[in-house]
Asks: 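Right, I'll just put the structure down here and ask away after.
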Number of protein chains: 2
Amino acid sequence: MKPFCYDYPHPAVTTDIALFTIREERLAVLLIRRRAAPFQGCWALPGGFVEMDECLEDCALRELAEETGVTGVYLEQLYTFGKPDRDPRERIISVTYYALAPSEILSPVAGSDAAEVAWFAMDALPELAFDHREVIALAQQRLRAKLDYSTVAFGFMQEEFTLGELQKVYETIRGEALDKRNFRKHILALDLIGETGTSRRVGNHRPAKLYRVQHPGAVLYIK
Amino acid sequence: MKPFCYDYPHPAVTTDIALFTIREERLAVLLIRRRAAPFQGCWALPGGFVEMDECLEDCALRELAEETGVTGVYLEQLYTFGKPDRDPRERIISVTYYALAPSEILSPVAGSDAAEVAWFAMDALPELAFDHREVIALAQQRLRAKLDYSTVAFGFMQEEFTLGELQKVYETIRGEALDKRNFRKHILALDLIGETGTSRRVGNHRPAKLYRVQHPGAVLYIK
DNA sequence: CAAGATAGTGTTGCACAGACACTATGTCAA
DNA sequence: TTGACATAGTGTCTGTGCAACACTATCTTG
């Protein structure tokens with residue numbers, strides 16, 4: 001007996017989240033291995049059904065936390081996918097989000113519907129369930145575009161970071177090397193980050209000054 | 001007896017469309033007066049429930065046609081709104097679209113759920129149902145932004161148009177006057193439009209050359 | 001202490017955007 | 001017919017912002 005009844009047919013609504021990070025100088029996305037049918041055993045984006053008393057963004061954050069243990073990421077709505085046959089079970093409309101996290105969010109844990117959780121480099125994606133490859137492609141495209149006119153890149157940084165690290169993020173996402181002096185000039189001219197006064201020593205070379213975002217939480221449109 | 005039953009609660013899903021045009025040198029949006037509750041008699045965006053066998057974009061086009069008689073517009077997904085209490089009836093998630101049409105789409109006709117259809121200038125909007133004011137504001141913001149880095153503006157033009165008309169569109173949306181020579185230089189440098197060879201005579205002054213988009217249907221990102 | 005690795009720093013040239021004013025061609029009214 | 005009016009159409013200059021470019025500084029390691 002199905003207890004939730006309506007006068008007209010209703011689609012199901014899910015959120016799916018493409019969480020990106022940078023690992024080993026490559027853009028990577030977090031996937032889960034599905035425990036249940038359909039696409040059982042297949043890799044997919046974390047996500048799940050919207051509950052009736054939560055807004056879409058809360059749903060995305062909840063599903064991400066439940067299935068992967070990840071919290072505290074930068075999140076933004078991406079696009080809503082709704083082709084009638086995109087899920088074999090029933091009509092499911094998916095509101096997709098993309099999220100960014102610093103690479104130090106390590107070892108996410110498989111939870112609830114996920115048999116396994118892992119980072120995949122964008123150039124080495126496995127077979128994906130549903131239309132999730134399309135979702136990831138769109139998210140990457142959006143990410144690249146926003147790099148130029150917004151401050152999304154800071155979503156990949158920890159609280160304190162060096163300009164070299166930030167430059168690596170830009171280079172990885174754009175897929176090309178950038179001039180060090182021009183990059184530093186550009187970033188510092190935005191007047192969004194400031195020196196912490198300390199520096200970080202890694203490797204056999206000169207330590208780098210550490211910087212911090214001046215007004216955390218504010219992702220701005222620039223220019 | 002409600003015939004559509006599910007194991008879990010399902011939200012309803014609608015599409016809502018903000019159709020813009022330029023009328024009397026002002027940006028205007030097409031609204032309908034609601035025939036039914038809730039917000040009966042209130043102005044609202046055209047839109048309605050997604051049917052189970054149509055994709056979201058088809059739903060938007062169908063609802064726009066049914067309620068206003070308007071067809072053949074440029075359409076793009078805007079954002080998905082899903083706060084739990086945004087509709088008093090039940091949980092309704094709205095996938096919103098914005099659309100553009102040349103000002104010569106006159107006299108849309110009220111159909112189905114619409115008691116009345118009318119254009120409203122953006123600076124003279126009436127009370128609006130649901131969160132539709134927020135939707136329109138977001139659409140206007142997106143429109144302004146895309147004006148700079150895409151060719152959306154052509155969505156407001158008829159098949160043949162003058163550079164003066166095109167400039168008026170840019171000026172209206174940006175809310176500021178533009179230099180004629182710089183504007184023409186910029187637009188022609190895009191190499192997207194070409195002279196038709198003919199000209200149009202309106203008013204007591206020199207006729208203007210007519211232009212046409214070279215590759216219709218292609219809305220491009222520029223620069 | 002020499003080699004190696006990354007940090008950090010300014011100047012120049014060029015392309016593009018914005019400021020700017022006059023002539024051309026039509027209508028209309030006196 | 002002609003002068004007033006209205007919009008169409010056209011080029012130059014100047015400043016600003018972005019890309020190209022090389023060397024010194026500071027640390028570790030052998």
Side-chain angles (χ1 to χ4, degrees), chain A residues 22 24-25 103 144-145 147-151 153 157-158 160-172 174-212 220-223, chain B residues 22 24-25 103 144-145 147-151 153 157-158 160-212 221-223:
Chain A
I22 311 259
E24 295 160 6
E25 307 199 3
S103 51
R144 268 211 197 108
L147 208 60
D148 288 329
Y149 63 86
S150 85
T151 55
M157 307 316 292
Q158 289 184 283
E160 301 194 342
F161 54 89
T162 71
L163 289 179
E165 290 163 0
L166 185 63
Q167 184 174 346
K168 277 266 163 57
V169 167
Y170 273 82
E171 289 177 335
T172 301
R174 299 185 41 157
E176 61 181 359
L178 297 174
D179 179 84
K180 199 205 298 189
R181 279 168 295 187
N182 291 337
F183 178 78
R184 294 162 106 89
K185 218 185 313 171
H186 174 69
I187 293 293
L188 293 175
L190 297 179
D191 205 36
L192 290 170
I193 63 174
E195 300 183 11
T196 64
T198 56
S199 57
R200 174 186 293 162
R201 213 178 339 150
V202 284
N204 54 341
H205 53 79
R206 177 173 174 176
K209 286 183 191 168
L210 286 171
Y211 288 81
R212 183 202 311 266
L220 304 172
Y221 284 76
I222 54 189
K223 265 192 297 187
Chain B
I22 310 257
E24 295 160 8
E25 309 200 1
S103 51
R144 267 210 198 112
L147 207 60
D148 289 328
Y149 62 87
S150 85
T151 55
M157 308 314 294
Q158 289 185 284
E160 302 194 343
F161 55 89
T162 71
L163 289 179
E165 290 163 0
L166 186 61
Q167 183 174 348
K168 277 265 163 56
V169 168
Y170 273 83
E171 289 177 335
T172 301
I173 297 170
R174 299 186 41 159
E176 59 181 0
L178 298 173
D179 179 84
K180 199 204 298 187
R181 279 168 294 188
N182 292 336
F183 178 79
R184 293 160 107 88
K185 218 185 314 171
H186 175 70
I187 292 292
L188 294 174
L190 297 178
D191 204 36
L192 291 169
I193 63 174
E195 300 183 11
T196 64
T198 55
S199 57
R200 174 185 295 161
R201 214 179 339 151
V202 285
N204 53 341
H205 52 79
R206 178 172 174 177
K209 286 183 191 169
L210 287 170
Y211 289 81
R212 183 201 313 262
Y221 284 77
I222 54 188
K223 263 190 301 183

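Order of the sequence lines fixes the chain letters, A, B, ..., with proteins taken first and strands second; residue numbering starts at 1 for each chain.
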Asks: List the steps, then state whether side chain to side chain contact (heavy atoms under 4.5 Å, CB included) holds for B:K209 with B:L163.
Replies: CA-CA 8 Å; B:K209 286 183 191 169; B:L163 289 179; over 6 Å; no
Asks: Using a strict cut-off of less than 4.0 Å between a Lys/Arg side-chain nitrogen and an Asp/Glu carboxylate oxygen, indicate whether A:K180 and A:E171 qualify as a salt bridge.
Replies: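 Looking at A:K180 and A:E171, the cut-off is not met.
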Asks: Using a strict threshold of under 4.0 Å (side-chain N to carboxylate O), is an ion pair present between B:R200 and B:E165?
Replies: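 B:R200 and B:E165: salt-bridged.
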Asks: Assess whether atom CD of B:E24 is packed by more than 12 heavy atoms of other residues, nucleotides or ligands within 6.0 Å.
Replies: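 Atom CD in B:E24 is not packed in, count stays at 12 or less.
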Asks: Rounded to the nearest 0.5 Å, what separation is found between the OG1 atom of A:T198 and the CD atom of A:E160?
Replies: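 Between atom OG1 of A:T198 and atom CD of A:E160 there are 5.0 Å.
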Asks: Starting from C1' on D:dT7, measure out to CG on B:L210 and report it in whole angstrom.
Replies: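 Rounding to the nearest Å, CG of B:L210 and C1' of D:dT7 are 14 Å apart.
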Asks: So do B:L166 and B:M157 actually touch side chain to side chain, heavy atoms under 4.5 Å?
Replies: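 A side-chain contact exists here, since the closest heavy-atom pair is under 4.5 Å.
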Asks: State, with a plain yes or no, whether a side-chain heavy atom of B:I173 is found less than 4.5 Å away from one of B:I22.
Replies: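 Counting from C-beta outward, B:I173 and B:I22 do come under 4.5 Å.
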Asks: With under 30° as parallel and over 60° as perpendicular, where do the rings of B:Y170 and B:F183 fit, or are they tilted in between?
Replies: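 Perpendicular: the ring planes of B:Y170 and B:F183 meet at over 60°.
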Asks: Rounded to the Å, how far apart are A:L163 CG and C:dT6 C1'?
Replies: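 To the nearest whole Å, that distance equals 13 Å.
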Asks: May I have the distance from A:Q167 (atom CD) to C:dT9 (atom C1'), rounded to whole angstrom?
Replies: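 Atom-to-atom, A:Q167 to C:dT9, this comes out as 14 Å.
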Asks: Could you tell me how far apart A:H186 (NE2) and C:dG8 (C1') are, to the nearest whole angstrom?
Replies: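 Atom-to-atom, A:H186 to C:dG8, this comes out as 19 Å.
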Asks: Encode nucleotides 10-17 of chain D as B, S and - characters from 5' to 3', where the letter depends on protein heavy atoms closer than 4.0 Å: B to the base, S only to sugar-phosphate, - to neither.
Replies: BBB-----
Asks: Might you point out which heavy atoms bring A:R212 and A:F161 nearest each other, and give the distance in Å?
Replies: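 A:R212 and A:F161 have their closest heavy atoms at CA-CE2, 4.3 Å.
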Asks: Do B:D148 and B:R174 pass the side chain to side chain contact (heavy atoms under 4.5 Å, CB included) test, and can you show the C-alpha distance, the side-chain angles, and the key distance before you say yes or no?
Replies: CA-CA 10 Å; B:D148 289 328; B:R174 299 186 41 159; 3.3 Å; yes
Asks: Without decimals, in angstroms, what is the distance between A:F183 CZ and C:dA7 C1'?
Replies: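 It works out to 14 Å between those atoms.
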Asks: At how many degrees, to 10°, do the end axes of the helix from C:dC1-D:dG30 to C:dA30-D:dT1 meet when each uses five pairs?
Replies: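 Computed from the C1' atoms at both ends, the axes differ by 0°.
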Asks: Base contacts versus sugar-phosphate-only contacts with protein, heavy atoms under 4.0 Å: please encode nucleotides 25-30 of chain D as B, S and - from 5' to 3'.
Replies: BBBB--
Asks: Provide the closest heavy-atom pair for A:P207 versus A:S199 in the form atom of the first, atom of the second, distance.
Replies: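 Heavy atoms of A:P207 and A:S199 come nearest at CB-OG, 4.0 Å.
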